[in-house]
Amino acid sequence: MPRGDKSSYTDKQERKADHIAEHYEDKGVSEKEAERRAWATVNKDDGGGKKSGSGRGKSTGHPAAHKGGEKGGKAAASRTHAERSASAKKAAATRKRNAEQHAHH
């Protein structure tokens, strides 16, 4: 199979790649580059094409799209209580200020 051959990808993987590419194009990435990034993402998530013999369609169990929970929280965990508290107070003040500004329009 030559490089770049997409015949071993499932319909779902192709839809996923199309969707990702579309998003990149909306953000101003060229069509060719968007396509390249999209397939790279599908490969990273699914470990390549799925249309082949016996272990067909086996999931990797940890695609990038599901890593949000473990990625988050590390920053907060490494900060002291005081730092987190100050940050929360600042955020609350910002929300309050924004709410007041938007209320007067």
In this structure, CZ of R37 is separated from CD of E25 (nearest 0.5 Å) by 11.0 Å

Taking the side chain as C-beta and beyond, is there a heavy-atom pair between K16 and D46 under 4.5 Å?
-> yes

At what distance, to the nearest 0.5 angstrom, does CZ of R36 lie from CD of E31?
-> 14.5 Å

Would you please name every residue forming a ring pair (Phe, Tyr, Trp, His ring centres under 6.0 Å) with Y24, sequence neighbours left out?
-> none

How about K12: does its NZ atom have over 12 heavy atoms from other parts shown lying under 6.0 Å from it?
-> no

NE2 of H102 to CZ of R97: how many Å apart, nearest 0.5 Å?
-> 10.5 Å

Distance-only, no hydrogens or angles: does the Q13 side chain make a donor-acceptor pair with backbone N or O of T10 under 3.5 Å?
-> yes

Residue pair A17 / A38: nearest heavy atoms and the distance that separates them | O-CB, 3.2 Å

If we only count heavy atoms from C-beta on, is the E83 to S87 side-chain gap below 4.5 Å?
-> no

